[in-house]
Amino acid sequence: MKKYVLALAALSALTVNADTGSRLIASGGITSIEGVAGGGITPWAFIGGYASKEEISYNANLQYLSLNDYSLTTAGGSISFYDRVEVSLQRQKLEIASGLTSNVFALLTDGAITNANSATIEQDILAVKVKLFGDGVFTQDSWIPQVSAGAQYKKNNDFDSSLSLPDGSVPLPNIGVPQLLGAKDDSGTDVYITATKLWLGAVNGYNLLTNVTARYTKANTLGLLGFGSPTDDDATLEWEGSLALLISPTTAIGAEFRTQSNRLGGLGEEDTISDIFVAYFPNKSMSLTAAYVDMGNLPLQQSSSGFYLTFNANF
């Protein structure tokens with residue numbers, strides 16, 4: 001954890017005097033665990049950063065999510081062009097404690113193997129988001145939201161990474177955790193459309209943000225457990241939403257949800273993801289977000305909830 005704190009401090013020092021753009025503070029949201037501007041688990045229609053129609057802005061982000069025997073670290077960056085297009089690249093790293101991998105082996109081998117090393121699953125996400133129409137902030141005389149469309153290409157780098165035992169042996173060569181749980185592919189592309197509206201002074205004078213996202217995806221647990229299955233390889237339509245109240249010009253509180261399909265069943269059964277968050281924007285150069293996240297069911301951990309921290313730097 002110490003290395004993440006040092007990295008946040010270094011990014012903070014770099015961004016104190018950054019020229020970050022002309023848009024209103026907090027209007028770019030934060031960065032999700034998949035690298036897209038919005039909330040922590042779902043994208044918004046707003047383009048990341050603070051670039052106006054005549055500007056380009058840059059973002060760097062770092063997140064850490066602790067889930068008992070799982071931990072997820074993500075980091076990446078994005079470029080936003082003229083408040084119209086956002087391009088991002090994100091690396092996710094899921095660490096799985098040895099106790100869980102040992103239990104997986106025990107179940108798969110009927111108790112013949114009861115001890116295994118810890119495992120790591122890494123995934124890269126290349127994404128693009130394009131603003132289609134609307135302005136979610138300044139068109140207060142209309143109910144029409146800002147609408148954007150996006151795509152995320154996800155590549156699971158440990159789909160066939162062999163799991164080892166403490167003695168160094170590899171009982172299942174070239175089979176990683178996603179394959180063990182029944183995933184079919186190591187990559188896939190999510191396509192989504194999202195609508196966002198900021199209602200100025202809507203709740204006792206406070207600004208209220210609403211967002212809904214429809215996603216077409218084959219990903220299992222965001223893609224960290226691969227894509228599709230031999231019995232169900234069709235993409236499904238999933239729904240996501242955000243509700244945030246800006247209790248001051250620099251602070252927002254809110255909640256999110258994100259539905260998931262359940263192709264793998266058994267150990268890989270998925271639930272809806274949800275969170276409750278507080279986001280702080282001291283200036284346009286940086287933001288800090290803390291959240292309580294419930295990932296639902298993860299393999300051999302039915303209650304997978306924990307705390308999430310994210311840091312965003314804008315240039």
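In this model, a donor atom of one side chain and an acceptor atom of the other lie less than 3.5 Å apart for T213 and N211. Under the 3.5 Å distance criterion, with hydrogens and angles disregarded, no donor-acceptor pair is assigned to the side chains of Q146 and T196. In summary, the side chains of W199 and T210 do present a donor paired with an acceptor at a separation below 3.5 Å, with no hydrogens or angles considered. Checking N312 against T31 by side-chain atom types alone, a donor-acceptor pair falls below 3.5 Å. No hydrogens or angles considered: nothing links the side chains of T194 and R215 as a donor-acceptor pair under 3.5 Å. T259 and E238 form a side-chain donor-acceptor contact under 3.5 Å, judged by distance and modelled atom types alone. Checked by atom type, the side-chain pair E122/N156 shows no donor-acceptor distance below 3.5 Å.
Counting heavy atoms from C-beta on, the side chains of N314 and S285 never come closer than 4.5 Å. Contact of the L65 side chain with the V293 side chain is registered, since non-hydrogen atoms from C-beta on lie closer than 4.5 Å. In this structure, Q92 and L224 have side chains that are in contact, with non-hydrogen atoms separated by less than 4.5 Å. Two residues are said to be in side-chain contact when any heavy atoms from C-beta on lie closer than 4.5 Å; I121 and L225 meet this criterion. A heavy-atom distance below 4.5 Å is found between the side chains of T139 and K197. Using a 4.5 Å heavy-atom threshold, the side chains of T310 and L288 count as separate. A 4.5 Å side-chain heavy-atom check between Q63 and T73 finds every atom pair outside the cut-off.
Between the N220 side chain and the G223 main chain, no donor and acceptor come within less than 3.5 Å of each other. Checked by atom type and distance alone, the side chain of K129 pairs as donor or acceptor with a backbone atom of F46 at under 3.5 Å. Not a single donor-acceptor pair under 3.5 Å links the side chain of S32 to the backbone N or O of I41.
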Could you list the donor-acceptor pairs under 3.5 angstrom formed by side chains in residues 174-185, with sequence neighbours left out?
| unit_1 | atom_1 | unit_2 | atom_2 | d |
| --- | --- | --- | --- | --- |
| Q179 | NE2 | F159 | O | 3.2 |
| Q179 | NE2 | N174 | O | 3.3 |

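A distance of 10.0 Å separates CE of M295 from OG of S274, quoted to the nearest 0.5 Å.
Residue-environment remark: OH (Y206) stays at or below the threshold of 12 foreign heavy atoms within 6.0 Å.
In this structure, G49 and S57 approach most closely via the heavy-atom pair CA-OG, 3.8 Å. The nearest pair of heavy atoms linking D233 to G228 is OD1-CA, 3.7 Å.
The aromatic ring centroids of F307 and Y292 lie less than 6.0 Å from each other.
Annotation: cation-pi geometry not satisfied between K218 and F227 (NZ/CZ under 6.0 angstrom from ring centroid, within 45° of ring axis).
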